[in-house]
Trainee: 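Structure in structure tokens, see below.
Just so you know, ligand 1 is whichever comes first in the structure, and atom 1 is the first atom listed for that ligand.
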Amino acid sequence: MGDYKNLKVEVEGAVATLSICRPKALNALNTETIVELNEALTEIEANDDIKVVILTGGPCYNKKIDGDDPYRSFVAGADIKEMYDFDAPSARKFGMVAAEPFFKLMNMRQVTIAAVNGFAFGGGCEIAMACDIRIASENAMFAQPECGLGIIPGFGGTQRLARLVGMGRAKELIFTCDNIDAQEAYRIGLVNKVVAKEELYPTANAMANKIAANASYAVSIAKSAINNGYDMDIKNAVELEANLFGVVNDTHDKKEGMGAFIEGRKEKNFTDF
Ligand code: CO8
């Protein structure tokens, strides 16, 4: 994996952990970080051995250097100091540059899990929402504070929040700019799980490895069926599912997974097709 200034990528087995590393700015997303994020995701996407990506903001804190808490911030938003000088064209450009890695997180072959280790404000909440699954540490805080800054969510927040928690709750969060804690985020369906701080990475890793042990081609086809069917009418969506169901039935992994059941064996030798 390449060397990045504002990111750290670690690969262990089938799981890549991608950590955003700007602790001095509480991991705020500036253009440089967003461009690096896109490069790192492109690299990960091209690596057939990686089945799951964990996105987080914790592991780059160095207590000796920063004297800081690794569970303080996931991503405290887009970089307000950079955005201050934007005009309409440069703001739009920033949004479009970010759209690429955000869509990668959403649509890439690998499953993406956000391990939210603290502040997930503005663009931080939005990048977590671009992931397939969100696990929050109990101290995590979520908000869309943009309207208090005179802007609106611009990394997909007006769209993804409503899809995740419903239009009424999304409007309330975006219009009030209220902070919500991890338990409230869980209650409204913004996150899948809340765990104690020290359980965040073990839980994310256990989930990642559990997913990676399944037939990864089938998982990626299921992801594509969910994503692409979501905005279709139910008739076309079910037809899409039927087509993709046909595709996975022509694979080695289907014979292997069903064969293991029929033969009563636990071990499965999936080859990812
Ligand atoms: N941008 C830039 N710098 C930041 C940001 C940020 N979003 N958040 C924190 N920082 C910096 C602070 O400026 C400070 O730097 P310095 O030490 O140089 O002054 C450092 O991080 C530490 O922050 P604090 O001293 O403020 O730490 P506290 O513990 O007191 O507070 C908070 C932590 C509550 C997280 C506070 O920093 C805060 O409110 N941050 C801003 C949160 C926010 O409003 N986020 C939303 C930003 S807008 C956005 O994300 C829009 C996304 C869509 C853009 C679309 C474009 C097309």
Trainee: What residues form a disulfide bond (SG atoms under 2.5 Å apart) with C21, not counting sequence neighbours?
Mentor: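 Expected list: C60.
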Trainee: Between the main-chain N or O of I211 and the side-chain N or O of K51, is there a donor-acceptor pair closer than 3.5 Å?
Mentor: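 Looks like no, no N/O pair under 3.5 Å.
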Trainee: Decide whether Y217 and T271 meet the rule of one side-chain donor and one side-chain acceptor closer than 3.5 Å.
Mentor: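 No pair is found: no donor N or O on one side chain lies under 3.5 Å from an acceptor on the other.
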Trainee: Under 6.0 Å between ring centres: does that hold for F94 and F86?
Mentor: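 That pair passes the under 6.0 Å test.
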Trainee: Go through D231 and R163 one step at a time and tell me if the salt bridge (charged side-chain N to carboxylate O under 4.0 Å, His left out) criterion holds.
Mentor: CA-CA 10 Å; D231 293 321; R163 282 166 170 75; 3.7 Å; yes
Trainee: Quick check on ligand 1: any N or O pairs to the protein under 3.5 Å? One line per pair.
Mentor:
from: ligand 1; atom 1: 1 (N); to: I80; atom 2: N; distance (Å): 2.9
from: ligand 1; atom 1: 7 (N); to: A76; atom 2: O; distance (Å): 2.9
from: ligand 1; atom 1: 7 (N); to: A78; atom 2: O; distance (Å): 3.0
from: ligand 1; atom 1: 13 (O); to: K81; atom 2: NZ; distance (Å): 2.8
from: ligand 1; atom 1: 15 (O); to: K81; atom 2: NZ; distance (Å): 3.4
from: ligand 1; atom 1: 21 (O); to: K24; atom 2: O; distance (Å): 3.4
from: ligand 1; atom 1: 27 (O); to: R72; atom 2: NH2; distance (Å): 3.0
from: ligand 1; atom 1: 29 (O); to: R72; atom 2: NH2; distance (Å): 2.8
from: ligand 1; atom 1: 45 (N); to: A76; atom 2: O; distance (Å): 3.0
from: ligand 1; atom 1: 50 (O); to: A78; atom 2: N; distance (Å): 2.7
from: ligand 1; atom 1: 50 (O); to: G123; atom 2: N; distance (Å): 2.8

Trainee: Backbone N or O of G2 within a donor-acceptor pair of the E43 side chain at under 3.5 Å?
Mentor: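 Present.
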